[in-house]
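So the structure is just underneath, and the comments pick up after that.
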Amino acid sequence: MRLLVLNGPNLNRLGKREPGIYGAETLSDVEDHLHAIAKEELVDISFYQSNVEGALIDKIHEADDTGCDGIIFNPGAYTHTSVALRDAIASVDVPVIEVHISNIHSREPFRQTSMLAPVCIGQLSGFGTGGYELALRAFLLRRKGVKL
Ligand SMILES: O=C(O)[C@]1(O)C[C@H](CCCOc2ccccc2)[C@@H](O)[C@H](O)C1
């Protein structure tokens, strides 16, 4: 199984700022952790972070065109604004799980709406960086035939 972990704007700052909201782990720490699980589970996993909406869209298209089995996607602030990313996800067959480190539903009103959730297979929000592992394990359960 091949998975892509996609991160949107400012997530390159993870662990460097606002640890009270997003924790102290860096994006590299998250990648190392997911790499270890992927190795155990014989999953081919790749990572991409961009602050550019169009680059994220191109990556979603590329994943679909190359037979990726799933995308774990933290869209960052584009979650709340991007019709273009919504349309990109709607335009591909590859399943997408939306991940948020914070619980967006308990934060400012403008963060409580996701433009992308309706076209994703699910959303994980508020589990810290553990949400990325939860999403990986959700794809593993789907691989076993669990209807998620
Ligand atoms: O909780 C999440 O994962 C968010 O996607 C994070 C976004 C923010 C990404 C920026 O993350 C930073 C991490 C550390 C320091 C500065 C920004 C925020 O705009 C969303 O509403 C919720």
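Both counts, for ligands and for their atoms, begin at 1 and track the order of listing.
- Between Y22 and ligand 1, not a single N/O pair is under 3.5 Å apart.
- When each atom of ligand 1 is checked for a heavy atom of N10 under 4.0 Å away, the hits are 10 (C), 11 (O), 12 (C), 17 (C).
- A side-chain contact (heavy atoms from CB on, under 4.5 Å) with F73 is found for exactly one of T79, N7, L6, namely L6.
- Not a single heavy atom of T79 sits less than 4.0 Å from an atom of ligand 1.
- The nearest heavy-atom contact from the protein to atom 4 (C) of ligand 1 is H100 ND1, 3.7 Å.
- Using a 4.0 angstrom heavy-atom cutoff, K16 does not count as in contact with ligand 1.
- Closest protein heavy atom to atom 14 (C) of ligand 1: R17 O, 3.2 Å.
- Taking each of G128, G76, G131 in turn, the one with a heavy atom nearest to atom 7 (C) of ligand 1 proves to be G76.
- In terms of polar-atom proximity, defined here as any N/O pair under 3.5 Å, I101 does make such a contact with ligand 1.
- Where the criterion is an N or O separation shorter than 3.5 Å, residue side chain and backbone included, R13 fails it with respect to ligand 1.
- Neither I121 nor V96 shares a network with the other; the hydrophobic side chains, linked directly or stepwise wherever heavy atoms of I, L, V, M, F, W or Y lie under 4.5 Å apart, form separate groups for each.
- Side-chain N or O atoms of H80 include none that pairs as donor or acceptor with a backbone N or O of S114 at under 3.5 Å.
- Taking a cut-off of under 4.0 Å to the non-hydrogen atoms of A77, the atoms of ligand 1 that pass are 19 (O).
- The ligand atoms of ligand 1 that sit less than 4.0 angstrom from a heavy atom of H80 are 20 (C), 21 (O).
- Here is the list of ligand 1 atoms found below 4.0 Å of a heavy atom in P9: 9 (C), 10 (C).
- When all heavy atoms of L116 and S82 are compared, the pair lying nearest together is CD2-O, 3.6 Å.
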### Task
Test Q49 against N51 for side chain to side chain donor-acceptor pair (under 3.5 Å), laying out the working first.
CA-CA 7 Å; Q49 184 277 331; N51 299 321; 2.9 Å; yes

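- A 6.0 Å sphere centred on CZ of F127 holds no more than 12 heavy atoms belonging to other residues, nucleotides or ligands.
- Nearest protein neighbour of atom 18 (C) of ligand 1, counting heavy atoms only, is R111 NH1, 3.3 Å.
- For ligand 1, the polar-atom distance check against E18 finds no nitrogen or oxygen pair separated by under 3.5 Å.
- Under the 3.5 Å distance criterion, with hydrogens and angles disregarded, a donor-acceptor pair is assigned to the side chains of T66 and R2.
- Under 3.5 Å, the side chains of H100 and E98 contain a donor-acceptor pair of N or O atoms.
- Considering backbone and side-chain N/O of R107, none are found under 3.5 Å from N/O of ligand 1.
- At distances below 3.5 Å, not a single donor-acceptor pair connects side-chain atoms of E41 with backbone N or O atoms of L140.
- Between V99 and I72, the shortest heavy-atom distance links the atoms CG2-CG2, 3.7 Å.
- Heavy-atom proximity to atom 1 (O) of ligand 1, evaluated over G8, S114, S102, P19, is greatest for S102.
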